[in-house]
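Please see the structure below; I have some questions.
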Amino acid sequence: MISGLNKNKVAAILEITEDLNQIKDIDSLLDRVLLAARRFSRSDAGSIYLLENQKLRINYVQNETLIQKESGKKYLYQNHAIDINDKSMAGYVAMTKKPLIIADAYKLDESLPYGFNRSFDQHASYHTRSVLTVPLIASQNRLIGVMQIINSLNDQKEAVPFRSEDELVVAYFANHAAGCIEKAKMTREIILRMISIAEMRDPEETGNHVNRVGAYSIEIYSKWAFNHNVNEAEIKKIRDVLRIAAMLHDVGKVAISDTLLKKSGPLSNEEYFQIQRHAILGARLFKNSTSDWDDMASEIALNHHEKWDGSGYPGKVDDIFCETRAPGLGKKGCEIPLFARIVALADVYDALTSQRIYKDCWPEEKVIRYLQEQKGKHFDPELVDVFFSIYEVIRAIQNKYGDN
Ligand code: C2E
Ligand code: SIN
Ligand code: SIN
Ligand code: FE
Ligand code: FE
């Protein structure tokens with residue numbers, strides 16, 4: 001099917017295909033699939049919609065133009081669903097399971113059933129012109145979603161129509177990616193189920209909480225890494241593992257009695273001590289196992305309640321399998337691993353901005369004041385600055401994975 005392409009292109013495509021099989025996290029996978037499709041079609045933007053309750057829910061967005069603008073990044077976290085019918089391009093492609101090439105979304109022929117929804121363009125001050133939409137089809141002709149690629153660019157960076165070669169390459173990625181996406185989605189679902197068992201919460205609440213902590217963590221990391229000149233390949237590799245490891249920070253709660261976790265009043269010292277054990281217990285769950293994220297997950301579980309000023313827990317522990325009641329000497333500053341410092345901030349921010357069985361959610365100004373006040377006490381001061389420098393993105397994530 002890709003016979004019209006030159007040899008180098010084919011080799012590059014095969015290499016990416018190989019790469020996709022290695023990725024564990026669903027968002028990293030969507031990121032990579034979309035990036036590959038955009039690279040080969042030289043296009044500015046794109047989104048992936050996945051099928052969810054008979055609708056297409058937007059799952060992943062890339063936009064080169066908007067990402068260049070600091071204030072544009074928040075548009076990459078969207079939350080909307082569209083119906084599968086002939087009223088939108090994406091809905092039409094889902095319905096017909098056939099690719100669709102549109103030269104100019106603002107000049108659609110009146111006779112076509114679908115229209116173009118301009119609300120994204122209007123909000124984000126973007127101009128969509130050429131649009132290539134392909135179905136994502138897994139085995140047995142099952143539709144799992146739709147990939148939409150926007151604004152093919154010429155050498156002058158002007159949006160031009162897609163070529164039929166673009167359709168071939170993008171459809172090729174879409175077909176290969178569909179199976180990988182299904183697998184990664186299953187991994188995510190299994191992890192979420194594990195976490196909801198561990199934390200004794202209902203699956204919906206758990207999903208939102210850990211999705212937010214995972215997303216905040218990778219965004220804080222990415223900005224930190226950018227400031228420290230970490231190269232892009234390394235950043236992507238870390239993001240793939242960090243999101244999952246961050247989501248798992250509290251699974252040690254599986255070993256804590258649910259009467260404690262569900263207690264609405266204040267905790268006694270002994271009760272609080274018992275709950276604090278979730279850090280060490282979590283770290284144990286990941287030791288001596290073999291998946292790529294285990295080491296990071298263990299490190300995060302163990303250290304996510306350490307504090308920058310040394311007043312956190314469990315402190316220095318010689319052997320996580322050999323517990324004593326005496327608190328370890330506190331870990332301080334950079335003795336606490338970076339990823340745990342990141343998750344500490346993400347977790348507390350999320351705890352304060354959410355309702356818990358033992359507390360109400362705090363008003364936004366109070367949370368902001370608290371984080372600033374804890375800069376250098378509970379939290380790494382540099383990370384607090386990073387956090388507020390991407391605050392719009394943080395709010396967009398909250399909006400995307402809201403409890404409502
Ligand atoms: P969590 O609910 O996920 O809270 C994570 C962290 O957010 C807490 O760690 C704490 O650092 C911060 N945090 C949460 N709520 C507040 C608050 O109202 N004020 C302040 N200043 N910080 C807050 P921490 O304290 O080590 O607690 C770890 C876990 O222990 C909590 O996870 C929760 O599962 C449990 N827990 C803590 N306090 C209570 C309580 O009073 N009742 C119950 N049932 N559980 C509690
Ligand atoms: C994301 O930004 O949500 C995922 C992309 C990645 O993990 O690299
Ligand atoms: C939308 O964002 O509503 C979908 C765009 C389209 O495919 O028409
Ligand atoms: Fe915790
Ligand atoms: Fe937590």
Side-chain angles (χ1 to χ4, degrees), residues 191-192 194-202 205-217 220 243-286 297-315 327-328 330-331 336-337 339-375 377-380 383-384 387 401 403:
I191 290 174
L192 288 176
M194 233 170 91
I195 296 171
S196 61
I197 293 168
E199 301 195 25
M200 304 300 295
R201 303 190 206 191
D202 70 76
E205 188 197 7
T206 298
N208 284 327
H209 166 59
V210 298
N211 278 324
R212 286 191 302 263
V213 172
Y216 297 151
S217 298
I220 296 169
R243 185 197 295 270
I244 295 177
M247 289 169 79
L248 291 165
H249 69 276
D250 268 344
V251 283
K253 285 181 178 167
V254 73
I256 307 296
S257 106
D258 52 321
T259 41
L260 288 187
L261 292 177
K262 293 265 187 208
K263 184 169 170 180
S264 58
L267 301 171
S268 70
N269 285 345
E270 176 60 23
E271 287 169 334
Y272 191 39
F273 171 80
Q274 288 301 330
I275 287 192
Q276 289 180 337
R277 295 176 61 228
H278 79 279
I280 265 189
L281 297 174
R284 279 183 199 167
L285 290 176
F286 301 107
S298 181
E299 185 178 276
I300 288 173
L302 184 63
N303 295 295
H304 75 281
H305 287 292
E306 296 292 352
K307 297 185 180 178
W308 185 257
D309 66 7
S311 66
Y313 64 88
K331 286 181 197 152
I336 309 162
F339 301 123
R341 289 174 353 238
I342 290 173
V343 172
L345 181 56
D347 183 36
V348 173
Y349 175 73
D350 197 65
L352 297 180
T353 49
S354 316
Q355 189 176 333
R356 290 279 198 267
I357 199 147
Y358 64 91
K359 62 170 278 294
D360 276 333
C361 94
W362 289 15
E364 186 180 0
E365 318 81 69
K366 186 172 168 191
V367 177
I368 294 176
R369 226 180 313 124
Y370 184 78
L371 297 189
Q372 291 289 8
E373 190 187 291
Q374 290 296 320
K375 189 171 154 179
K377 293 181 189 156
H378 191 152
F379 308 119
D380 176 346
L383 290 179
V384 173
F387 180 88
Y401 303 109
D403 295 307

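As the structure lists them, so they are numbered: ligands from 1, and atoms in each ligand from 1.
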Exercise. Without swapping roles, check the side chain of K331 against the backbone of P314 for a donor-acceptor pair under 3.5 Å.
Key: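 A pair under 3.5 Å: no.
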
Practice problem: Would you mind finding which of Y358, Y313, W362 brings a heavy atom closest to atom 42 (N) of ligand 1? | Solution: Y358

Quiz item: Taking only residues two or more places apart in sequence or in another chain, which ones pass salt bridge (charged side-chain N to carboxylate O under 4.0 Å, His left out) with R369?
Solution: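 By the salt bridge (charged side-chain N to carboxylate O under 4.0 Å, His left out) rule, R369 matches no residue at all.
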
Quiz item: Quick one: does L260 get a heavy atom under 4.0 Å from ligand 1?
Solution: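 Yes, L260 has a heavy atom closer than 4.0 Å to ligand 1.
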
Quiz prompt | Contacts of the Fe ion (ligand 4) with protein N/O/S atoms, counting only those under 2.8 Å | solution =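 Listed by chain and number: D250 OD1, H278 NE2, H304 NE2, H305 NE2.
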
Quiz item: Between CG of N211 and CE of M247, what distance do you get to the nearest 0.5 Å?
Solution: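 One gets 4.5 Å once the value is rounded to the nearest 0.5 Å.
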
Practice problem: Answer side chain, backbone, both or neither: which part of K253 comes under 4.0 Å from ligand 1, heavy atoms only. | Solution: side chain

Quiz prompt | Whether H209 and H249 hold their rings parallel, tilted or perpendicular, with breakpoints at 30° and 60° | solution =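 Judged by the thresholds at 30° and 60°, the geometry between H209 and H249 is perpendicular.
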
Quiz item: Would you say ligand 1 has an N or O under 3.5 Å from any N or O of K359?
Solution: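 No.
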
Self-check item: CG on L261 to OH on Y358, rounded to 0.5 Å
Solution: 10.0 Å

Quiz prompt | Verdict with reasoning, R284 to L281, per side chain to side chain contact (heavy atoms under 4.5 Å, CB included) | solution = CA-CA 5 Å; R284 279 183 199 167; L281 297 174; 3.7 Å; yes

Exercise. Quick one: pull up CG in L352 and CG in D347 and give me the separation to the nearest 0.5 Å.
Key: 9.5 Å

Self-check item: Nearest option to atom 30 (O) of ligand 1, as decided by whichever heavy atom of V367, D347, I275, V348 sits closest
Solution: I275

Quiz prompt | Inter-residue atom distance K253.NZ - R277.CZ, 0.5 Å rounding | solution = 14.5 Å

Quiz prompt | Qualifying residues under salt bridge (charged side-chain N to carboxylate O under 4.0 Å, His left out), relative to K375, sequence neighbours excluded | solution =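 K375 satisfies salt bridge (charged side-chain N to carboxylate O under 4.0 Å, His left out) with D385 once adjacent residues are dropped.
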
Quiz item: Would you say ligand 1 has an N or O under 3.5 Å from any N or O of H378?
Solution: no

Self-check item: Polar proximity ligand 1 side, H278 side, N/O cut 3.5 Å exclusive
Solution: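 N/O-N/O distance under 3.5 Å: no.
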
Practice problem: May I ask you to check if ligand 1 and Y370 share an N or O to N or O distance below 3.5 Å? | Solution: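 Yes - when backbone and side-chain N and O of Y370 are compared with those of ligand 1, one distance drops under 3.5 Å.
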
Quiz item: Does G265 have a non-hydrogen atom less than 4.0 Å from ligand 1?
Solution: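 So G265 counts as touching ligand 1.
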
Quiz prompt | Residue pair F379 / F387, side-chain heavy-atom distance below 4.5 Å | solution =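 A side-chain contact is absent here, since even the closest heavy-atom pair is not under 4.5 Å.
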
Quiz item: Can you tell which of H209, E271, H249, H305 gets a heavy atom nearest to atom 9 (O) of ligand 1?
Solution: H305

Exercise. With sequence neighbours left out, write down each residue that passes salt bridge (charged side-chain N to carboxylate O under 4.0 Å, His left out) with E365, or none if nothing qualifies.
Key: none

